[in-house]
**Q** 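Sharing a structure here in structure tokens format.
Values in this document were obtained by computation on a predicted structure and should not be read as measured data.
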2 protein chains.
Amino acid sequence: MENSKSLQLNQQLCFPLYAIAKEITGLYRPFLDELDITYSQYLVLMVLWEQDGQTVNQIGEKLYLDSGTLTPLLKRLENKKFISRKRKKEDERVVEIFLDEAGKQLKTKACEIPSKIQEKLNLSQNELIELKTDIQKILNRILP
Amino acid sequence: MENSKSLQLNQQLCFPLYAIAKEITGLYRPFLDELDITYSQYLVLMVLWEQDGQTVNQIGEKLYLDSGTLTPLLKRLENKKFISRKRKKEDERVVEIFLDEAGKQLKTKACEIPSKIQEKLNLSQNELIELKTDIQKILNRILP
DNA sequence: CGCAATTAAATTGTGTACAATATAATTGTG
DNA sequence: CACAATTATATTGTACACAATTTAATTGCG
């Protein structure tokens, strides 16, 4: 039985998904370059803008990232004076992340990004929500 | 005007997309580990299984990857004896990629992967096609 | 209490991604 | 034909992503 058709690139979900994820981070790049942050750093900052003072673990749970990714990324954000890393007194294993002044101010500039991206995507509000809902549905199904 | 709600992680399309792309490559990992290849290497091999003897450029256009990514990746596939890299005689700048015997045989094993993934995703054929079509639609809109 | 088990980050190693630059071959134009 | 412009790949440097291991602190159990 010739089953090889299933292996065609566009036959599968994985490739368009892989491609669009890359393309979309590419859309953010010019805006994020202006703020001197990367896409992953932007995600971490969004988590902190929602709630300051979270632990590495909490950030990792929200972004599905482990310490191998976060530790160096957070150190780079610290070097750029956007955040501070402080070990918790009650439990020295835990590192809490706090926004510095520059990190807080970045939020104001970043606020304009989502609408600029939506403009570039040129999707109606409905299309956007529909796609996001579909993806969320699958995510919930495959996540532990 | 308080615009900060727009910056919430799940308010935006980008994060679910980023997350699901990572999760889905994670679904492939156990199967690809058995074949001793990575997800990106799997994509390259799929391109070659469809048509052998393509140039680095052609592969890059199909996968939206540049030589900075492909050159080392292809060298790793060559080290594992899955492919061979040969400079074209008529134009020494061009490198053509050919499947070795082991690379061709890998296709047989890989043929089982798509159905296994679909099983894990637990999506109906319709849901799958719908999502893929939506993504494809956006991709076509944002790609040059 | 004492120590094994657990937990939180950090580290190490491999493999993408991608911008920027370099190298080498080919093409096009005066 | 010479040489500037173009093209294809390679290289360099930075930044993820993640598995596996390590380190250090804390917890829980006998």
Side-chain angles (χ1 to χ4, degrees), chain A residues 14-15 18-30 32-45 54-61 63-80 82-83 85-97, chain B residues 14-15 18-30 32-45 54-61 63-80 82-83 85-97:
Chain A
C14 65
F15 177 64
Y18 159 89
I20 201 177
K22 277 198 315 170
E23 287 307 316
I24 289 202
T25 66
L27 291 184
Y28 281 81
R29 214 181 312 278
L32 297 177
D33 280 352
E34 278 182 49
L35 308 187
D36 189 30
I37 53 176
T38 66
Y39 185 72
S40 307
Q41 291 167 11
Y42 172 64
L43 292 179
V44 168
L45 287 170
Q54 296 187 68
T55 68
V56 173
N57 226 345
Q58 289 175 313
I59 297 171
E61 272 173 26
L63 299 178
Y64 312 114
L65 293 172
D66 70 3
S67 68
T69 302
L70 284 175
T71 297
L73 186 157
L74 291 166
K75 284 180 178 173
R76 280 186 286 270
L77 282 177
E78 188 175 43
N79 286 338
K80 290 190 270 199
F82 291 135
I83 63 160
R85 303 160 65 250
K86 299 197 182 90
R87 288 212 174 255
K88 202 167 183 170
K89 277 201 199 69
E90 309 92 285
D91 187 342
E92 288 276 349
R93 290 170 306 178
V94 176
V95 172
E96 290 176 319
I97 309 296
Chain B
C14 65
F15 178 64
Y18 160 88
I20 200 176
K22 279 200 312 171
E23 288 306 317
I24 290 202
T25 65
L27 290 184
Y28 280 82
R29 214 180 312 277
L32 297 177
D33 279 352
E34 279 182 49
L35 308 187
D36 189 30
I37 53 175
T38 66
Y39 184 72
S40 308
Q41 290 166 11
Y42 172 65
L43 293 178
V44 168
L45 287 170
Q54 296 187 68
T55 68
V56 174
N57 225 347
Q58 290 175 313
I59 296 171
E61 271 172 27
L63 299 178
Y64 312 114
L65 292 173
D66 70 4
S67 69
T69 302
L70 284 176
T71 298
L73 187 157
L74 291 166
K75 284 181 178 173
R76 280 187 284 270
L77 282 176
E78 187 176 43
N79 286 339
K80 289 192 268 199
F82 291 135
I83 63 160
R85 304 162 63 252
K86 299 198 183 87
R87 288 213 176 256
K88 203 167 182 169
K89 276 202 200 70
E90 308 93 286
D91 186 341
E92 289 276 350
R93 292 170 305 178
V94 177
V95 173
E96 290 175 317
I97 309 296

**Q** Before giving the answer on side-chain contact (heavy atoms from CB on, under 4.5 Å), spell out for A:V44 and A:L63 the whole-Å C-alpha distance, their side-chain angles and the decisive distance to 0.1 Å.
**A** CA-CA 8 Å; A:V44 168; A:L63 299 178; 3.7 Å; yes
**Q** Need the pair for D:dT23. Rule: Watson-Crick or G-U wobble, both distances under 3.5 Å, any strand; none if unpaired.
**A** C:dA8
**Q** Which letters describe nucleotides 3-13 of chain D, given B = protein heavy atom under 4.0 Å from base, S = only from sugar-phosphate, - = neither?
**A** ----BSSBB--
**Q** Using whole Å, report how far CG of B:L32 lies from C1' of D:dC18.
**A** 15 Å
**Q** Answer with base, sugar-phosphate or nothing: what part of the nucleic acid does A:R29 contact at a heavy-atom distance below 4.0 Å?
**A**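 The residue A:R29 makes sugar-phosphate contact but no base contact.
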**Q** Tell me whether A:K22 contacts the main-chain N or O of B:Y64 through its side chain, where contact means a donor paired with an acceptor under 3.5 Å.
**A** yes
**Q** A:I83 versus A:L45: any side-chain heavy-atom pair under 4.5 Å?
**A**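 Answer yes - side chains close enough.
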**Q** Between B:L27 and B:E23, is there a side-chain heavy-atom distance shorter than 4.5 Å?
**A**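 No, side chains not in contact.
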**Q** Looking at every heavy atom in both B:Q41 and B:D36, which two are closest together, and how far apart are they?
**A**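 In terms of heavy atoms, the two residues are closest at OE1-O, 4.3 Å.
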**Q** Earliest and latest nucleotide of DNA chain C, 5' to 3', sitting under 4.0 Å from a non-hydrogen atom of chain A?
**A**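 The contacted stretch runs from C:dT7 to C:dA19.
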**Q** For residues 64-76 of chain B, which residue pairs pass the salt bridge (Lys or Arg N to Asp or Glu O under 4.0 Å) check, not counting sequence neighbours?
**A** none
**Q** What is the distance, rounded to the nearest whole Å, between atom OH of B:Y39 and atom C1' of D:dC16?
**A**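 After rounding, the gap between these two atoms is 17 Å.
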**Q** Is the side chain of B:R85 donor-acceptor paired with the backbone N or O of B:E96 at a distance under 3.5 Å, no angle test?
**A**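 Pair absent, no side-chain N/O of B:R85 close to backbone of B:E96.
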**Q** Would one find a side-chain N or O of A:S40 under 4.0 angstrom from OP1 or OP2 of D:dA15?
**A**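 No, outside the criterion.
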**Q** Evaluate B:I59 against B:L65 for side-chain contact (heavy atoms from CB on, under 4.5 Å), listing each step before the verdict.
**A** CA-CA 8 Å; B:I59 296 171; B:L65 292 173; over 6 Å; no
**Q** What is the distance from atom CZ of B:F82 to atom CG of B:L35, rounded to the nearest 0.5 Å?
**A** 7.5 Å
**Q** Identify, between A:L73 and A:E92, the residue whose nearest nucleotide on DNA chain D lies closer to the 5' end.
**A**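 Of the two residues, A:L73 wins.
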**Q** Both B:L43 and B:E90 contact DNA chain C. Taking the nearest nucleotide for each, which residue is further toward the 5' end?
**A** B:L43
**Q** What is the distance from NZ of A:K22 to P of D:dC16, rounded to the nearest Å?
**A** 17 Å
